[in-house]
Amino acid sequence: MSESDLPVPSIPNARDAVRALRPSQIREVANAGFGVDDVLPFWFGESDRVTPAFIRDAASAALAAGATFYTHNLGIAPLRAALAGYVSDLHGATSAEHIAVTSAGVNALMLAAQLVVGAGDRVVAVTPLWPNLVEIPKILGAHVETVALGYGERGWQLELEQLLAALTPGTKMLLINSPNNPTGWVMSRDEQRAVLAHCRRHGIWIVADEVYERLYYADASADATGVPSRTAPSFLDLATRDERVICVNSFSKAWLMTGWRLGWIVAPAALMDDLGKLVEYNTSCAPAFIQQAGIAAIEQGERFTQELVRDLKASRDHLVRALGTVPGVDVKTPPGAMYLFFSMPGASRSLELCKAMVRDVGLGVAPGSAFGPQGEGFVRWCYACDTARLDAGVERLKRFLAEHATAQ
Ligand SMILES: Cc1ncc(COP(=O)(O)O)c(C=O)c1O
């Protein structure tokens, strides 16, 4: 028998765990908008503004100076040192040996999961949640159980007892994202204290996704000092640096650097050698000239971030007011992140609704079901843009609802 007579193997498939991953419903809505000329996109989690010039200039200068080589797996020393200073300033003493530079937040989440969980491990996540957090541990064969935030008069709230009950002694890792995408919920200091104590008792790892920590709109009057807090409550404020707590962060949101792919991890020093190996086998390092730009963001970017937060707060309040005038829309003012997650007529089938809105009136928002079954009944609108654009979006929403009311 010649080689050409051998039977051709059946069509190859990816591993079952990969095939079972949920595709992005946000992309599904965006695809439904193909062919619609005039779409106002509020579906992705990024601003419509470019990265500030001082950061772009730093990257150009680094490129011109030849920063084109591989770096240390854990990042260049000056960036790790700058990040250690930044984290110390916000959350208390942190040394560079607790910092690893990553290729943005999503890579940091993958690295954290690869460090801690394996096939068959039990992971608990608080939802609704940006889908990447839930899907990443599944790639590694872990089982993810979810605990839903409750929704009521005060907006989204954690059912603390429910979460503690789900964190059974055999649980390997808790995934918690605060300020939260999509709801804007912010975990309180007391809730963090209770969860940390519980996880310490049972040896459970906490992986805290704090990429929106700076997008926090604290009411200054609620603070005895009268000064708004520069950051949301963080597990880093409570935990020591050498216990089972890994914090994930990113340059994407606080310095408008989504396309740059730069982030960091704060983790116990004892993990760093192993984390370095994982970085080596995933990406080897973040690009050198982008790390240089990260130093500029940290060292010169504080005023920019504070102004950004002020603008985002104004946009949030503007959109809450505007949506409040739309019949059937129930919207609350969330304390963090850059999204409104609200209910409206038709949202009980949010994917169909969002596809219809983009097709019929060119309004691009994300379906609540993209953030897990607990998000069904809601839609997510990213308000990181100017108010004129938000107003144009609300007009389209009104038109859509009027057309559909008359069509019924
Ligand atoms: C909750 C959350 N975590 C992490 C990320 C990752 O962002 P990046 O990979 O751009 O740093 C995002 C992005 O939207 C997010 O919403």
A.B. asks: For the CZ atom on Arg189, are there more than 12 heavy atoms of other groups (residues, nucleotides or ligands in this structure) within a distance under 6.0 Å?
C.D. replies: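 Yes, CZ of Arg189 has more than 12 neighbouring heavy atoms, counting only those of other groups under 6.0 Å.
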
A.B. asks: Closer than 3.5 angstrom, by distance alone: can the side chain of Gln192 be matched with the main-chain N or O of Pro233 as a donor-acceptor pair?
C.D. replies: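 Confirmed, Gln192 side chain pairs with Pro233 backbone.
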
A.B. asks: Which side-chain hydrogen bond (donor to acceptor under 3.5 Å, both in side chains) pairs, counting each pair once, include a residue from residues 64-79, with sequence neighbours left out?
C.D. replies: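 For residues 64-79: Thr71-Gln291, Asn73-Glu280.
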
A.B. asks: Taking side-chain contact (heavy atoms from CB on, under 4.5 Å) as the test, write out the residues that go with Ser348, two or more places apart.
C.D. replies: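 Checked Ser348 against side-chain contact (heavy atoms from CB on, under 4.5 Å); zero matches.
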
A.B. asks: Is a side-chain donor or acceptor of His318 paired with a backbone partner of Leu390 at a separation under 3.5 angstrom?
C.D. replies: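 Pair absent, no side-chain N/O of His318 close to backbone of Leu390.
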
A.B. asks: Could you report the tightest heavy-atom contact between Cys285 and Ser103, atom names first, then the distance?
C.D. replies: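 Where Cys285 meets Ser103 most closely, the heavy atoms are O-OG, 4.1 Å.
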
A.B. asks: By the side-chain hydrogen bond (donor to acceptor under 3.5 Å, both in side chains) test, which pairs, at least two apart or in different chains, include something from residues 141-153?
C.D. replies: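 Non-adjacent pairs meeting side-chain hydrogen bond (donor to acceptor under 3.5 Å, both in side chains): Thr146-Gln374, Tyr151-Asp330.
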
A.B. asks: Looking only at atom types and distance, does a side-chain atom of Arg56 sit under 3.5 Å from a main-chain N or O of Thr51, one as donor and one as acceptor?
C.D. replies: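 Side chain of Arg56 to backbone of Thr51: a pair is present.
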
A.B. asks: Determine, stepwise, if the pair Val29 / Met357 fulfils side chain to side chain contact (heavy atoms under 4.5 Å, CB included).
C.D. replies: CA-CA 9 Å; Val29 174; Met357 286 200 285; over 6 Å; no

A.B. asks: With a 4.0 Å cut-off on N to O distance, would you call Arg399 and Glu395 a salt bridge?
C.D. replies: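 Salt bridge between Arg399 and Glu395, a charged N being under 4.0 Å from a carboxylate O: no.
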
A.B. asks: Under a 3.5 Å distance rule, please check whether Asp121 uses its side chain to pair with a backbone N or O of Val123 as donor and acceptor.
C.D. replies: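 Between the backbone of Val123 and the side chain of Asp121 there is no qualifying donor-acceptor contact (under 3.5 Å).
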
A.B. asks: How about Ser95 and His98: does a side-chain donor come under 3.5 Å of a side-chain acceptor?
C.D. replies: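 Side chains of Ser95 and His98: pair found under 3.5 Å.
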
A.B. asks: For the CZ atom on Arg22, are there more than 12 heavy atoms of other groups (residues, nucleotides or ligands in this structure) within a distance under 6.0 Å?
C.D. replies: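 Yes, the 6.0 Å shell around CZ holds more than 12 heavy atoms from other groups.
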
A.B. asks: Mind listing the closest non-hydrogen atom pair of Asp237 and His91 along with its distance?
C.D. replies: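 Heavy-atom minimum between the residues: OD1-ND1, 2.6 Å.
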
A.B. asks: So which atom in Met272 and which in Ile99 form the shortest heavy-atom distance, rounded to 0.1 Å?
C.D. replies: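 Minimum heavy-atom contact is CE-N, 3.8 Å.
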
A.B. asks: Taking the six-membered ring for Trp, is the centroid-to-centroid distance between Phe378 and Trp156 below 6.0 Å?
C.D. replies: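 Yes, they do, as the ring centres are separated by less than 6.0 Å.
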
A.B. asks: Do Val147 and Val124 pass the side chain to side chain contact (heavy atoms under 4.5 Å, CB included) test, and can you show the C-alpha distance, the side-chain angles, and the key distance before you say yes or no?
C.D. replies: CA-CA 7 Å; Val147 174; Val124 171; 4.0 Å; yes

A.B. asks: Can you label the angle between the Trp255 ring and the Trp264 ring as parallel, tilted or perpendicular, going by 30° and 60°?
C.D. replies: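 Correct class here is tilted.
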
A.B. asks: List the residues meeting side-chain hydrogen bond (donor to acceptor under 3.5 Å, both in side chains) with Glu46, not counting sequence neighbours, and say none if there are none.
C.D. replies: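 Per chain and number, Glu46 pairs via side-chain hydrogen bond (donor to acceptor under 3.5 Å, both in side chains) with Thr258.
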
A.B. asks: Would you call the rings of Phe341 and Phe371 parallel, tilted or perpendicular if under 30° counts as parallel and over 60° as perpendicular?
C.D. replies: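 Taking Phe371 first and then Phe341, their aromatic rings stand perpendicular (interplane angle over 60°).
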
A.B. asks: Roughly how far apart are Gln25 CD and Cys354 SG, rounded to 0.5 Å?
C.D. replies: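 Between atom CD of Gln25 and atom SG of Cys354 there are 9.0 Å.
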
A.B. asks: What are the two closest non-hydrogen atoms of Glu213 and Leu90, and how far apart are they?
C.D. replies: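 Taking every non-hydrogen atom into account, OE2-CD1, 3.8 Å.
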
A.B. asks: Closer than 3.5 angstrom, by distance alone: can the side chain of Arg15 be matched with the main-chain N or O of Ile139 as a donor-acceptor pair?
C.D. replies: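 Yes, because the side chain of Arg15 sits within donor-acceptor range (under 3.5 Å) of the backbone of Ile139.
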
A.B. asks: Could you check whether Glu135 pairs with Lys138 (Lys NZ or Arg NE/NH1/NH2 to Asp/Glu carboxylate O, under 4.0 Å)?
C.D. replies: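 The answer is yes: the pair qualifies as a salt bridge.
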
A.B. asks: Identify the heavy atoms of Ser229 and Tyr216 that sit nearest to each other, and give their distance.
C.D. replies: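 For Ser229 versus Tyr216, the nearest heavy atoms are CB-CE2, 4.1 Å.
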
A.B. asks: Among Leu83, Val87, Leu236, Asp89, which residue satisfies the side-chain contact (heavy atoms from CB on, under 4.5 Å) criterion with Thr94?
C.D. replies: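 Testing each of Leu83, Val87, Leu236, Asp89 against Thr94, the sole residue satisfying side-chain contact (heavy atoms from CB on, under 4.5 Å) is Val87.
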
A.B. asks: Locate the shortest heavy-atom distance separating Ala58 from Ala296; write the atom from each residue and the value.
C.D. replies: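 Where Ala58 meets Ala296 most closely, the heavy atoms are CB-CB, 3.5 Å.
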
A.B. asks: Is the backbone N or O of Leu175 less than 3.5 Å from a side-chain atom of Asp209, with the two atoms forming a donor-acceptor pair by type?
C.D. replies: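 A pair under 3.5 Å: no.
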
A.B. asks: Tell me, with the steps shown, if Trp205 and Val117 meet side chain to side chain contact (heavy atoms under 4.5 Å, CB included).
C.D. replies: CA-CA 10 Å; Trp205 286 87; Val117 299; over 6 Å; no

A.B. asks: Would you call Arg230-Glu302 a salt bridge at under 4.0 Å N-O?
C.D. replies: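 Looking at Glu302 together with Arg230, the answer is yes, because their closest N to O distance falls below 4.0 Å.
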
A.B. asks: According to side-chain hydrogen bond (donor to acceptor under 3.5 Å, both in side chains), who are the partners of Asp57, at least two apart in sequence or on a separate chain?
C.D. replies: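 Asp57 satisfies side-chain hydrogen bond (donor to acceptor under 3.5 Å, both in side chains) with no residue once adjacent residues are dropped.
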
A.B. asks: Between Glu210 and Lys253, does any side-chain N to carboxylate O distance fall below 4.0 Å?
C.D. replies: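 Lys253 and Glu210: not salt-bridged.
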
A.B. asks: Can you check whether Ile176 reaches Val195 side chain to side chain, under 4.5 Å on heavy atoms?
C.D. replies: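 Heavy-atom side-chain distance check fails, nothing below 4.5 Å.
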
A.B. asks: Dump the intermediate steps for side chain to side chain contact (heavy atoms under 4.5 Å, CB included) on Ile298 and Phe251, then the final yes or no.
C.D. replies: CA-CA 9 Å; Ile298 295 290; Phe251 286 77; 3.8 Å; yes

A.B. asks: Should we count CG of Asn13 as having more than 12 external heavy atoms under 6.0 Å?
C.D. replies: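 Buried by this count: over 12 neighbours within 6.0 Å.
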
A.B. asks: Looking at residues at least two apart in the chain, or sitting in another chain, which of them share a ring-ring contact (aromatic ring centres under 6.0 Å, His included) with Trp260?
C.D. replies: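 Residues passing ring-ring contact (aromatic ring centres under 6.0 Å, His included) with Trp260: none at all.
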
A.B. asks: Just wondering, do Arg380 and Asn181 contact through their side chains at under 4.5 Å, heavy atoms?
C.D. replies: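 Yes, close enough: below the 4.5 Å cut-off.
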
